[in-house]
Enquirer: 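Before we start, here is the structure in question, set down as structure tokens.
Ligands are counted one by one from 1 in listed order, and the atoms in each one are counted from 1 as well.
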Amino acid sequence: MKVKKLIIHHSLTFDGKVVDWTAIRKYHIETNGWADIGYQYGIELVGDKYVVQKGRSEHTPGAHCLGQNDKSIGICVVGNYDLAEPANAALNLLAELCADICRRYRLTSGDIETHHKYAAYKTCPGTRFPMDRLRAKVKQILGV
Ligand SMILES: [Zn+2]
């Protein structure tokens, strides 16, 4: 797989419920019949700390964005960001993860995109998700 971009998601489901990483994985495997969770990474609050959850291998196309799965890494921030912005701690951890991936695949903050860009009928990763701030943080970490 040739990684050319990162695609950011939130975990809001069709019925408006937010589910955790384990529940998303279970749903993708048991209900959708997929080999594994559709995303490569997740950001989730566990206890009182945000952690990076690992999903599919970076070498395996995900199942998260129609037409982009074989050229992108999908990252899901657990939560509903139509309702509120993600916590700063979540955004900082996401920026660290994105910067690390960008460095390894020689990408820039401009290669971080929303699911919405490819699925206009969805708001994913949420109307309140601060993409500009995420890109600025990544740009700062990368120094380019
Ligand atoms: Zn999405």
Enquirer: Can you confirm whether more than 12 heavy atoms, excluding those of Arg106, are under 6.0 Å from its CZ atom?
Expert: no
Enquirer: Tell me whether His9 has at least one N, O or S atom under 2.8 Å from the Zn ion (ligand 1).
Expert: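 An N, O or S atom of His9 is closer than 2.8 Å to the Zn ion (ligand 1), so yes.
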Enquirer: Examine His115 and say whether one of its N/O/S atoms is closer to the Zn ion (ligand 1) than 2.8 Å.
Expert: yes
Enquirer: Specify whether Tyr39 and His28 have parallel, tilted or perpendicular ring planes, treating 30° as the upper limit for parallel and 60° as the lower limit for perpendicular.
Expert: tilted
Enquirer: If you group Ile, Leu, Val, Met, Phe, Trp and Tyr by side-chain heavy-atom gaps below 4.5 Å, do Val51 and Val77 land in one group?
Expert: no
Enquirer: When you measure from the Zn ion (ligand 1) to the N, O or S atoms of His116, does any of those distances fall below 2.8 Å?
Expert: no
Enquirer: If the test is side-chain contact (heavy atoms from CB on, under 4.5 Å), which one of Lys71, Met1, Gln68 qualifies with Pro61?
Expert: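 When side-chain contact (heavy atoms from CB on, under 4.5 Å) is applied between Pro61 and each of Lys71, Met1, Gln68, only Met1 qualifies.
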